[in-house]
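Letters go in sequence order (proteins before strands), and every chain restarts at 1.
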There are 2 protein chains.
Amino acid sequence: MPTLKKPLQAAPGRKMKRTPQRLAIFDYLDGNKKHPSAEEIYRSVSRTYQSMSFATVYNTLKALTGKGMLRELTIDPDRKRYDPDTSPHHHFICLQCRKIVDVHSILTVETPREIARDHLVVGTHVEFTGLCPSCKKRKKMQ
Amino acid sequence: MPTLKKPLQAAPGRKMKRTPQRLAIFDYLDGNKKHPSAEEIYRSVSRTYQSMSFATVYNTLKALTGKGMLRELTIDPDRKRYDPDTSPHHHFICLQCRKIVDVHSILTVETPREIARDHLVVGTHVEFTGLCPSCKKRKKMQ
DNA sequence: ATAATACTTTACAATAATTCCAACTTATGC
DNA sequence: GCATAAGTTGGAATTATTGTAAAGTATTAT
Ligand SMILES: [Mn+2]
Ligand SMILES: [Mn+2]
Ligand SMILES: [Zn+2]
Ligand SMILES: [Zn+2]
């Protein structure tokens, strides 16, 4: 189920030039549930697309984010992580290995009055932190 | 109501050397509700404490965080922000000016089964994003 | 098709945040 | 007071990310 390749030109006002490097990046991102960092994207894509430049990766990520086709996550303290799934959902991050997993359950979090009164709220994101299954097991063992 | 200076030596296993530079940093942080960045802390503290080094600020922040006396926020995409209020609470960040404000309302967010089953959840943080009152007004005007 | 135009890519330089380091300095327990 | 583990410092080093200018390419208008 392609979610990126199609919309690339579909929505109005969102058309971008279809360059092979972008297609390669889209292709890597499409359906990717690992919330990769720019570096991971670069590493993977440049393996198949020799001349890929780091700047192109960043450019593309910024362009996609700007057009609302990609979500930039700030949940990892070390680097930005990217999520091709732009539907509203939440995340869990492992404090040990930094794995990020989706939380697609609908969490109803009402915006508190104190904020709603004078702020403009455009997004609500819940981040759960802790240990992923494997790190949890590893910690228990030793 | 001092929240930092006292606990500094109070809780067992949390004792740290009381150096003047640390006290200066604690003092700045104590009761601070601005969620400052390392640089803001450095700028302010070094004004009164001449020889303060950036490394010391980072060292101290890391030490405090490690001892659970300070919370490191990853909500700002550009830099880490620090919160001396370690009681569980949530945040709103302005997408325009990066102001972070506390949300002390008790938001009941149950951990979804899909996560609770095999992960170990140690924290839940809700981040609201949008425009703060002044940025909201400014945007409306022009 | 062709050419003009605007947008992209690339290699590399430049920033910016944060960490590392090695030589001093100091707080603290005895 | 002294020993010493812990902390401080300036500067170098690292890492993530952004900027740049020249060269390349897709798209648009002829
Ligand atoms: Mn996700
Ligand atoms: Mn706070
Ligand atoms: Zn893990
Ligand atoms: Zn604002």
Taking [atom1] from [X] and [atom2] from [N], how many angstroms apart are they, rounded to a whole number?
{"X": "B/Met52", "N": "D/dG10", "atom1": "CE", "atom2": "P", "answer": "10 Å"}
{"X": "B/Leu64", "N": "D/dG7", "atom1": "CG", "atom2": "C1'", "answer": "13 Å"}
{"X": "A/Leu61", "N": "D/dG19", "atom1": "CG", "atom2": "P", "answer": "15 Å"}
{"X": "B/Gln50", "N": "D/dT8", "atom1": "CD", "atom2": "P", "answer": "17 Å"}
{"X": "A/Arg98", "N": "D/dA16", "atom1": "CZ", "atom2": "C1'", "answer": "14 Å"}
{"X": "B/Met16", "N": "C/dT26", "atom1": "CE", "atom2": "C1'", "answer": "15 Å"}
{"X": "A/Arg43", "N": "D/dA16", "atom1": "CZ", "atom2": "C1'", "answer": "14 Å"}

Angle between ring planes, A/His90 versus A/His125, binned at 30° and 60°: parallel, tilted or perpendicular? parallel
State the OG-CG distance between B/Ser37 and B/Leu73, to the nearest 0.5 angstrom. 11.5 Å
What distance separates A/Asp85 CG from A/Lys33 NZ, expressed to the nearest 0.5 Å? 5.5 Å
Does B/His119 reach the side chain of A/Val101, with side-chain heavy atoms less than 4.5 Å apart? yes
Option from B/His35, B/Arg81, B/Glu127 for which side-chain hydrogen bond (donor to acceptor under 3.5 Å, both in side chains) with B/His91 holds: B/His35
Take atom NZ of A/Lys136 as the centre, draw a 6.0 Å sphere, and report whether it contains more than 12 heavy atoms from other residues, nucleotides or ligands. yes
Which protein N or O atoms sit under 3.5 Å from an N or O of nucleotides 16-22 of chain C?
unit_1	atom_1	unit_2	atom_2	d
C/dA17	OP1	B/Arg79	NH2	2.5
C/dT18	OP1	B/Lys80	N	2.9
C/dT18	OP2	B/Tyr58	OH	2.7
C/dT18	O5'	B/Tyr58	OH	3.3

Select one nucleotide: of [options], the one nearest the side-chain heavy atoms of [X].
{"X": "A/Arg22", "options": "D/dT8, D/dG10, C/dT9", "value": "C/dT9"}
{"X": "B/Lys17", "options": "C/dT10, C/dA27, D/dT8", "value": "C/dA27"}
{"X": "A/Thr19", "options": "C/dT28, C/dT10, C/dT8", "value": "C/dT8"}

Checking all strands, does B/Pro20 fall into the base, sugar-phosphate, or nothing category for heavy-atom contacts under 4.0 angstrom? sugar-phosphate
